[in-house]
Each structure stands twice: as C-alpha cells, then as structure tokens.
Enquirer: 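Mind having a look at this structure? Questions to follow.
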Amino acid sequence: MEKILVLDFGGQYNQLIARRVRENNVYAEVKPYTMSAGEISDRGYKGIIFTGGPNSVYGESALDYDKEIFGLGLPILGICYGAQLMAHALGGRVETAPTSEYGRTEVDIKGDSRILNDVSRHTIAWMSHTDYIAEAPEGFSVTASTPVCPVAAMEDVERGFYATQFHPEVMHTQEGMKVLRAFVKDVCRCKGDWKMDSFVTSSVKAIKEQVGDGKVLCALSGGVDSSVAAVLLSKAVGKQLTCVFVDHGLLRKNEGEEVAQVFGPEGHYDLNFIKVDAQQRFYDKLAGVTEPEKKRKIIGEEFIRVFEEEAKKIGAVDYLVQGTIYPDVIESGLGDSAVIKSHHNVGGLPDHVDFREIIEPLRMLFKDEVRKAGLELGIPEKLVFRQPFPGPGLGIRIIGEVTEEKVKIVQEADAIYREELETYDDGRLAKTIGQYFAGLTNMRSVGVMGDFRTYDYAIALRAVETSDFMTAQSAKLPWDLLEKVTNRIVNEVDHVNRVLYDCTGKPPGTIEFE
Ligand code: XMP
C-alpha cells in the first residue's frame, strides 16, 4: 500500500496533516521524529512530511533526529519548523525573524514550482512562527515570500526537497490543499487508490478498542458537538456510557425538554441519561453580577461543580468524553493570541472527577464534518443543524444582571424571532444566516400601550452572516419580517415595549452581546 510518513516534531496540526493527505486517497501515518532512517526505509514510504513544532533549530531545545533521512532518496516536504529543520540541516540560514508572523498572511509565489504551480500568484496562507529561513541552502530555489519572510517556500526539485514556512494543512491557508495534493500526487507519485473508512465506522471501531469494558462519562449540552460525540460513544459502547445534561436555567425556550426527549429513556439511543435541574443554583450565583467575564466564569465553574456532584454519584469512571472540535483546539491553544472571551466549554475540565483519560472523538473535525457525521449517525436534523449556542447560554444574551424574570423575557422574545425568521420565505432566508438570536438589553425606556405609559425593556435582535464566526456582518433582514417580529414581541412578551435591530459587524462588535 502506498503511504506517506508524517514525521512528528511536536506541532499542533500533525494529525491534521495526515488527514489532509488521506483526503487525497493516500494513506498517511504519524510517527515520532525519533524514527531512524533505517526504519523509515524498511517501511516503504513514498514520501515524508516534516511537521511544525514549538522548538527552535538552535540551542538546547533543538530536536535530535536522524539526518540520514535526507540520504534516503525520498521526497520530503518540510512545514514551518520542519521547513527550518530542512534549511538548517542542508546548509541554509535560520534566524529569529525581525517580527513574528502569526495568522493570516499574504504570500507571493515566485517563478516555477512543483508544489505551488496550481496556487494563485498572490495568495493567503496561515503562518505561526518566530524563527524564519533567512537564506535557502545551496541547490534550492526560493518559490514564495512574504513582506517579513524572504523564504516562505523553497524547493530543490532534483533532490526532491520541498518546504513551506506556512501551514498548507489548515483551512485558513486558502489553497493549502493544492500544495499537499501536488506533493503527494506529483512529487511522490502516489496514485491515490486507498479508500478512507467513513469517519463514523473508523471511530466506532477505534473507540471500542480504546474503551474495552470501561465506564464512560459525557457532559451533554444538547449542542451539535457534544450530541454527536455522545451518539458516537453510545454506538460504540452502549450502556457503558452515561450522559449528564445540566439545565442551568439559561437555555432557550423548551430546549431542556427537547434534549431530554432525544437522549432520555423515550429517545432512541442506547445510553444512560441524567438530567439535572440546576436552574436555581445558577440564578443564585449570578445574583447581582453584571460583568460579562465574571458571569462566564461563574456559569462555567458552577457547571463543573454540578457535573462533579453527578459524577461522584456514579463513582469512578474510566473515560471522560468531550465534544472538542478542531477550531476549539486552535482557538484555545495556538500562539499568544489574546483571550477576547473565555469560552468555558473548552479546556474547562472538572478537577475532582475520577477518570483515567479523556476521549475527544471530534478533535480533528470541522463543524461541517461534525454535522455530516451527525446525519450519518441518524441524529435528528433539527439538532444537527442547530444554531451555535454559547456554553453560558442566555447568561451572555442578557446584558447586565441575570434574573429568572429576564431569562423568561428573552426566552419568549427569542422563540418568536426564530419562529418568524425560520418560516420566512419558506425557510430560505434562515439558511443564508450564520447566527440569529434575541438578547435583552439593560435599557428601559418609556413607551405607551393602550392609554398607559410604560417603562419597560428593549429587546435587541441580532442576525449575522458569517462563515467562520471570527468575522461577521449584520444581515440585511427584510423590513416586513422585522416589523412582524417587533409587533409580536411587544404584544406577546410582558415587560418589553421596544425592539431594536443590531447593525454592527464583527469587528468592531462581537456576535454575542457580551
Ligand atoms: P463572539 O461573540 O465571540 O462569538 O463573536 C463567536 C461565536 O462564539 C460563540 N460564543 C461562545 N461560545 N462560550 C461558548 O461556548 C462562550 O462564552 C461564547 N461566547 C461566544 C458565539 O455564539 C458565536 O457563535
């Protein structure tokens, strides 16, 4: 079988590189950088990819790998740190860059290249580095650069050595797939006749092997990610899985009941389901708190406490399941990007739950792939295509202090808004909008209803078009829709006398109000 070796130097994206290669119907496996040239040669690889990594090629942190690998006659692609290793080993110059490049970077492709020929001359790539290749080794031609990086890509076609300072495997590198495809197909000459098992089939098999007859615990939020993770686990290990669903009183209208219907005893999954009604506990903890980050922390911590208490009742478990998906991994762990908002459902692990290991079956998937897996698993469409809903829930859609009364107001207004939007133009409009919801502003204003003066709250409606949730623009909703929603909300929801529409994009706004 044709296969590519992904030699792991400790980067974050190593598994993703292997997956991208497999998407070209070529098998790829990730092995540690300590693998010797002899072993590599014995295993019959068609090519090697050096991954990125956190180290520097200089100094004590430099990794000691077998340089004989360069003498095997196999094509090699070095990515990021892997590119620097290649330059350093073959006589080029690697230095600390005058400014680090992090994130979206404009790259200029120069001249002829075996791996970049299909890429636009001016393209966008994802960078994350502090060192850079200042000078390519002899025999190499420089095939791309950025304003900061004189050698953003280089190649020595004769010897079969290729390198990119950027990460072709991540989605943010717009034409990255073309680079990997060219390396695997054109340079390594793989035919691509390997067939990938479906994600569900291979995961169920792998989970069965990992878990054996162990006990598994999952915190179910009712969101797409944790639902897909839970159903995948239930398919693999059935009643060995217990799902705990905490109703923190900040869910949307009827959401708690809906989750219980799908996953509870009347639902059609083979698992143990526990619903905890913890609403009052959260309201008590949130009383008087107005600062958004503090609210998030309180909700996150209380959630973990409730979960721990339930876990204690169950006793020792072997595995804890988390619905972490790939963008969570990047957003919470990459580089030094400032924390804009702390997302409590990522990395917030209970301290006192007795478990051996974490299972994150969706760690390598993007949202659309999670949805695909969800449909394959037979999860209801309504749940699979559910709007993203933040872990702290309505807690961050109520500006200022959260009270039970305000939760009711925003639940009712939001339900009306979603119902009207989702039925408008036979549902076609809703499909074009990334996220929509109602929030409760902390503003009260004077109005008149009947013959009476009112002094009540303003609801703010939000609808944004976005593909990655990192940037967004306010959707231009039809006026007749806004009018109808406004009328219904002021007539049907007590204590609301005004409805506003938020026209702000992201940036400068964020999608949520807090
Ligand atoms: P923002 O408001 O940061 O939202 O522009 C971007 C996306 O992230 C979601 N979001 C959160 N999700 N915990 C979450 O689990 C949070 O604290 C949180 N804050 C925002 C938001 O709904 C949107 O999809």
Side-chain angles (χ1 to χ4, degrees), residues 171-172 219-229 245-252 255 259 282 285-286 289-304 307 322-334 337-349 360 362-363 366-368 370-371 384-399 402 410-411 414 417-418 421 430 432-441 460-475 502-514:
M171 181 184 60
H172 307 279
L220 187 69
S221 73
V224 187
D225 306 340
S226 69
S227 300
V228 173
F245 170 61
V246 178
D247 186 339
H248 51 22
L250 303 165
L251 298 169
R252 289 172 295 188
E255 199 161 19
V259 173
F282 284 83
K285 282 265 156 107
L286 287 167
V289 183
T290 53
E291 210 273 312
E293 277 304 278
K294 198 154 171 222
K295 289 198 308 196
R296 274 196 173 74
K297 291 244 154 59
I298 289 173
I299 297 167
E301 269 163 29
E302 196 59 16
F303 181 89
I304 289 171
F307 184 67
Q322 292 228 307
T324 321
I325 71 167
Y326 194 67
D328 304 332
V329 178
I330 303 184
E331 274 180 24
S332 53
L334 219 166
S337 62
V339 174
I340 310 285
K341 295 178 181 181
S342 53
H343 283 209
H344 90 257
N345 55 352
V346 178
L349 270 184
E360 294 178 311
L362 313 177
R363 203 180 161 77
F366 291 98
K367 200 78 180 188
D368 57 322
V370 174
R371 293 209 162 102
V384 168
F385 290 100
R386 208 182 91 135
Q387 292 260 315
F389 187 64
L394 301 181
I396 57 169
R397 292 182 179 174
I398 294 169
I399 299 176
V402 176
V410 76
Q411 276 179 338
D414 178 69
Y417 180 39
R418 282 187 293 128
L421 183 54
T432 66
I433 298 172
Q435 199 168 352
Y436 47 92
F437 55 86
L440 184 62
T441 71
L461 305 178
R462 184 103 173 107
V464 295
E465 289 164 3
T466 177
S467 54
D468 56 6
F469 298 92
M470 314 258 254
T471 57
Q473 58 188 27
S474 174
D502 184 352
C503 303
T504 324
K506 171 183 179 178
T510 53
I511 295 176
E512 300 290 347
F513 292 118
E514 286 195 334

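Just follow the structure's listing: the first ligand is 1, and inside any ligand the first atom is 1.
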Enquirer: I'd like to know whether NZ of Lys285 has more than 12 heavy-atom contacts from other residues, nucleotides or ligands below 6.0 angstrom.
Expert: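 Incorrect, the count does not exceed 12.
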
Enquirer: Are Pro390 and Arg296 close enough that some pair of their side-chain heavy atoms sits under 4.5 Å apart?
Expert: no

Enquirer: Which of the numbered atoms in ligand 1 are under 4.0 angstrom from any heavy atom belonging to Lys506?
Expert: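 By the 4.0 Å cutoff, the relevant atoms are 1 (P), 3 (O), 5 (O), 6 (C).
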
Enquirer: Between ligand 1 and Glu514, is the shortest N or O to N or O distance under 3.5 Å?
Expert: no

Enquirer: Check the side chains of Gln387 and Gln435 for a donor-acceptor pair under 3.5 angstrom, ignoring hydrogens and angles.
Expert: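 No donor-acceptor contact under 3.5 Å links the two side chains.
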
Enquirer: Please check whether Ile396 reaches ligand 1 - meaning an N/O of the residue sits under 3.5 Å from an N/O of the ligand, judged on distance alone.
Expert: no

Enquirer: Output the list of atoms in ligand 1 that are nearer than 4.0 Å to some heavy atom of Gly391, sorted by atom number.
Expert: 13 (N), 14 (C), 15 (O)

Enquirer: Hey, mind stepping through Ser227 and Leu220 against side-chain contact (heavy atoms from CB on, under 4.5 Å) and telling me if it holds?
Expert: CA-CA 6 Å; Ser227 300; Leu220 187 69; 4.3 Å; yes

Enquirer: Polar contacts were defined as any N/O atom of the residue lying under 3.5 Å from an N/O atom of the ligand; does this apply to Glu512 and ligand 1?
Expert: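 N/O-N/O distance under 3.5 Å: yes.
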
Enquirer: Partners of Lys294 by salt bridge (charged side-chain N to carboxylate O under 4.0 Å, His left out), sequence neighbours excluded?
Expert: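 Lys294 satisfies salt bridge (charged side-chain N to carboxylate O under 4.0 Å, His left out) with no other residue.
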
